[in-house]
Amino acid sequence: MQTKSLYIASLEPAAGSLIVAMGLMEMLKGRMEKVAFFRPVIPAKESLDGDIEFMLEYFSLQQSYENAYGFSVDEVETMVASGDRHDLMEALIVKFKALESQYDFVLCEGLSSSSLTSSFDFDINLEIAKNLGVPIVSVLNGNNKSLKEVYEEMRIESATIKTEGCTHFATFANRLSQEVFVALKESETLNIHHTAPVFLLPEIPELDSPTIAEIKKYLKCDMILGGEQDLRRVVRQSKVAAMTMEHFLDHLEDGDLVIVPGDRPAIMLAAIAANYSKLYPTIAGILLTGGFVPKQAILELIQGIAHFSSIPVLTSTKDTFKTAMDVNNVPARITPQSKRKIALAMGLFDANVDKAKIEEKIKTSTASRVITPIMFEYSLFEKARSNKKTIVLPESEDERILRAAEILMRRDVVNLILLGNESEVMHKAMTLGLDLKGVRIIDPATSPLNEEFVNVFYELRKPKGLKLAAAKDAMVSPNYFATMMVYLGYADGMVSGAVHTTADTIRPALQTIKTKPGISVVSSVFFMCLDTRVLVYGDCAVNQDPSAEELAQIAISSAQTAKAFGVEPRIAMLSYSTGDSGSGDEVEKVRTATKRVKELRPDLLIEGPIQYDAAIDPQVAKTKLPNSKVAGQATVFIFPDLNTGNNTYKAVQRSSGALAIGPVLQGLNKPINDLSRGCLVEDIVNTVAITAIQAQGDNA
């Protein structure tokens, strides 16, 4: 799928990210009807963000200010400090995906990392871009940096982006000195060491200089002389007039803002006169300090000079020293009214950027294949919500189940049924401070459904010797009652196992629901959500020592499960040897299972026997199986036995910090899923969402 978004990011402030955003936005608006702008983090909510204001107004973007940003710096720092980093990323994904669904393209601009406190141990932009799945456009600040420094920064940043698992779209080296700009432009090796194209932009001092309008606004000055058009003048530097008139004139330069006490009109008149002299530089404006305003006679004298309106005169109530300090701190900005700066910035971009190359790269670039744990969880909720199903949870006595139920209802992911005594369940929920509004509660002991379930179960199991009394006893069990709800269509799926064993969860299903046609064994998988990808591990929870035929069935079921959840199946049949390098009963079992999968499902990509390192590591794969389409890029890992699978998934989980979602049962004709008795609330929420998606079947 073609990329529909880009993320502009810089490590340092004043790198010129807005200029790059302006150039890219102009290109995008030229070829797409609906383009949105998004800043995941803004400096503060108390004041409007300048970059968002500019992009919305200048490019006439059809979106509100509120949906153009995510959080403020303070909010981000508070959430991360509180351990809510996951919630932060998930909230940003929700907001970004809403824009992505409504617009043809979303251009994102990050906040420089230096805007955040030093307590951050990760690059916020890379983290956000990775979780949004957006390619990175990096912007380097080359101001006052040598050729070697700029080149090294480009090399390091390119490597960092790759290491973090992000897609590197392009690099802009901005604000380069003329010397460095020319040297890099003539370098034949510039693009050899960078997989992403590099674009060079020289320093244009005017773009980093404030206008009279910006100084007026920042210092809250009044303008006593001049017109609106005069506010566009660019201030290159400021000069405090603390000398006598004849000495002061010797220090004037083009673009000066002359700062002078308001009770020294002689200096003001001299500066104005110099401005109209062919022998002196042209000043940008005059700023009078101390709250003094020249007398009316002097103002009239000045106004009587022909064409005077081109020189703005401002007044400030602060003293000269404080005013001069404030002027030096005025940030240079580009606003929709900065016509000259906008033209200069656009001209800079057009003259130095191969726009055809960028346009072609946008057309040919595919959306990032990176899948983070947060992205995967988000996709679960979105899929489940798209076609809501009813899931029954038989273990209402467990606090984790109740907490998960509240989250699921608030996220509007599924319709829920809890089994238990309604008054007891609601009382426990109230004592925990939970709101279970919308959850249906059924007591198996008193439900009108009980009689129907007993009779149906009795008829199903009567050939196996089941007595009616035993059928009645079975329906008192929440797991049996819940399974019958799924079997008879009162619910679409069931999740249990927080309190009960796996056997207690699976046994009722095997007695009623049975397995899918062509599947002889119920198995399980874990979704292993690593930093930048999701892998499927099977079977790590149910079958202790499957036969070759059972192993083949597990592989096929796991591939189907993977595909249903957006993971392209490339199956690795794991063993202690790769290819023909080893022998033994266990290796032969895997080899036979692999052959059987190829017979049953020739459409599936499969390799086996293969060792874990050869299956997951491209470098190892080049050595051991160089011609394999699976080696080094496997996504579905089938373990030869439960001992190997269970230990491996736990080792990977602990060593890499991976999120392990499961076990997810597969092979049953209707979705029944198991929970680990040590599961967390988040595990229950994810498993319920998975169960709901399984219940959607072909529509998932």
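Of the possible donor and acceptor atoms, one in the side chain of Glu75 sits under 3.5 Å from a partner among the backbone N and O of Ser72. Side-chain N or O atoms of Asn455 include one that pairs as donor or acceptor with a backbone N or O of Glu451 at under 3.5 Å. Side-chain atoms of Ser82 never come within 3.5 Å of backbone atoms of Met79 as a donor-acceptor pair (strictly under, hydrogens ignored). In this structure, Ser396 contributes its side chain and Val425 its backbone to no donor-acceptor pair below 3.5 Å. At least one donor-acceptor pair under 3.5 Å links the side chain of Arg400 to the backbone N or O of Ala498. With hydrogens and angles disregarded, a donor-acceptor distance shorter than 3.5 Å links the side chain of Thr505 to the backbone of Thr501. Not one N or O on the side chain of Asp443 forms a donor-acceptor pair closer than 3.5 Å with the backbone of Ser447. Glu395 places a side-chain N or O within 3.5 Å of a backbone atom of Gly497 that can act as its donor or acceptor partner. No side-chain donor-acceptor contact under 3.5 Å links Asp84 to the backbone of Val80. No donor-acceptor pair closer than 3.5 Å links the side chain of Ser628 to the backbone N or O of Leu625.
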> Stepwise, does the side chain to side chain donor-acceptor pair (under 3.5 Å) test hold for His86 with Glu682?
Replying inline: CA-CA 11 Å; His86 180 283; Glu682 292 78 7; over 6 Å; no
>> I'd like to know whether Leu99 forms a side chain to side chain contact (heavy atoms under 4.5 Å, CB included) with Asn67, so could you lay out the CA-CA distance, the side-chain angles of the two residues, the decisive distance to 0.1 Å, and finally the verdict.
In response: CA-CA 8 Å; Leu99 283 177; Asn67 70 14; 4.0 Å; yes
>> Let's go through Leu675 and Thr687 carefully: what are the C-alpha distance in whole Å and the side-chain angles of both, what is the deciding distance for side chain to side chain contact (heavy atoms under 4.5 Å, CB included) to 0.1 Å, and is it a yes or a no?
In response: CA-CA 8 Å; Leu675 295 167; Thr687 302; 3.6 Å; yes
> After noting the C-alpha distance and the side-chain angles of Glu377 and Asn686, does the key distance pass the side chain to side chain donor-acceptor pair (under 3.5 Å) rule?
Replying inline: CA-CA 7 Å; Glu377 288 181 292; Asn686 287 329; 2.9 Å; yes
>> As a quick check of understanding, evaluate side chain to side chain donor-acceptor pair (under 3.5 Å) for Gln666 and Ser558, giving each step before the final call.
In response: CA-CA 8 Å; Gln666 52 191 15; Ser558 300; 2.9 Å; yes
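The pair Glu406-Arg403 does not meet the salt-bridge criterion, since no charged nitrogen lies less than 4.0 angstrom from a carboxylate oxygen. Ion pair Arg85/Glu90 not flagged as a salt bridge, since none of the NZ, NE, NH1 or NH2 atoms sits closer than 4.0 Å to an Asp/Glu carboxylate oxygen. A salt bridge is defined here as a Lys NZ or Arg NE, NH1 or NH2 lying under 4.0 Å from an Asp or Glu carboxylate O, and Asp492 with Lys670 fails to meet this definition.
Residue Arg385 places its CZ atom among more than 12 non-hydrogen atoms of other residues, nucleotides or ligands, all under 6.0 Å distant. In the displayed structure, Gln102 atom CD is contacted under 6.0 Å by more than 12 heavy atoms of other residues, nucleotides or ligands. Annotation for Gln544: atom CD does not count as buried by contact number, only 12 or fewer foreign heavy atoms lying within 6.0 Å. Within 6.0 Å of atom NZ in Lys388, more than 12 heavy atoms from other residues, nucleotides or ligands are found, so the atom counts as buried in its surroundings.
Judged by distance alone, the side chains of Asn543 and Ser523 never bring a donor and an acceptor atom under 3.5 Å apart. The closest side-chain donor-acceptor pair between Gln611 and Ser577, if any, does not fall under 3.5 angstrom. Side chains of Thr691 and Asn673: a donor on one and an acceptor on the other come within 3.5 Å. No side-chain N or O of Ser520 forms a donor-acceptor pair with one of Gln553 less than 3.5 Å apart.
What you find for Ala471 and Val454 is that their closest heavy atoms are CB-O, 3.9 Å. Contact detail for Lys95 and Glu66: the closest heavy-atom pair is NZ-O, 2.8 Å. The heavy-atom pair separating Pro609 from Thr594 by the smallest distance is N-OG1, 4.4 Å. Nearest heavy atoms, Ile638 versus Ile571: CG1-CG2, 3.8 Å. Considering all non-hydrogen atoms of both residues, Lys563 and Pro569 come closest at CB-CD, 4.1 Å. Summarising the geometry of Val534 relative to Cys529, their closest heavy-atom pair is CG2-SG, 4.1 Å, with the distance given to 0.1 Å.
Each of Asp531, Thr167, Thr372 was evaluated against Lys130; a single residue qualifies, Asp531, per the side-chain hydrogen bond (donor to acceptor under 3.5 Å, both in side chains) test. The residue from Lys595, Arg596, Lys589 that alone fulfils the salt bridge (charged side-chain N to carboxylate O under 4.0 Å, His left out) condition with Glu549 is Arg596.
From Asp539, atom CG reaches atom OG of Ser557 across 10.0 Å, with rounding to the nearest 0.5 Å. In this structure, Gln694 CD and Ile672 CD1 are separated by 9.5 Å, a value rounded to the nearest 0.5 Å. Here the CG-CD1 distance, from Leu393 to Ile401, works out to 5.5 Å after rounding to the nearest 0.5 Å. Distance check, rounded to the nearest 0.5 Å: CG of Leu468 to CZ of Arg461 gives 15.0 Å. Taking CE of Met475 as the reference point, atom CZ of Phe453 lies at 8.0 Å (rounded to 0.5 Å). Distance CD/Glu586 to CZ/Arg591: 12.5 Å, rounded to 0.5 Å.
Thr390 has its side chain out of reach of Leu416: every pair of non-hydrogen atoms, C-beta onward, lies at least 4.5 Å apart. Here the side chains of Pro517 and Asn669 are in contact, with some heavy-atom distance below 4.5 Å. Between Ile441 and Met426, some side-chain heavy-atom pair lies under the 4.5 Å cut-off. Here the side chains of Leu530 and Val652 are in contact, with some heavy-atom distance below 4.5 Å. Asp674 is not listed as a side-chain neighbour of Ile506, based on a closest heavy-atom distance of 4.5 Å or more. The side-chain heavy atoms of Asp545 and Leu642, taken from C-beta on, include no pair separated by under 4.5 Å. Under the 4.5 Å side-chain criterion, counting only non-hydrogen atoms from C-beta, Val536 is in contact with Phe527. By the 4.5 Å heavy-atom criterion applied to side chains, Ile616 and Leu535 are counted as neighbours.
Cation-pi contact between Lys472 and Tyr458: absent, since separation from the ring centre below 6.0 Å together with deviation from the ring axis within 45° is not met.
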Donor-acceptor contacts under 3.5 Å from residues 479-491 side chains, at least two apart:
residue: Asn479; atom: OD1; partner: Ser496; partner atom: OG; Å: 2.8
residue: Asn479; atom: ND2; partner: Asp504; partner atom: O; Å: 3.3
residue: Tyr480; atom: OH; partner: Gln511; partner atom: OE1; Å: 2.8
residue: Thr483; atom: OG1; partner: Asn479; partner atom: O; Å: 2.7
residue: Tyr490; atom: OH; partner: Glu452; partner atom: OE1; Å: 2.7
residue: Tyr490; atom: OH; partner: Glu452; partner atom: OE2; Å: 3.4

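Under the rule for a ring pair (Phe, Tyr, Trp, His ring centres under 6.0 Å), the partners of Phe637 that lie at least two apart in sequence or sit in another chain are Tyr537, Tyr612. Partners of Phe71 under the ring pair (Phe, Tyr, Trp, His ring centres under 6.0 Å) rule, at least two apart in sequence or in another chain, do not exist in this structure.
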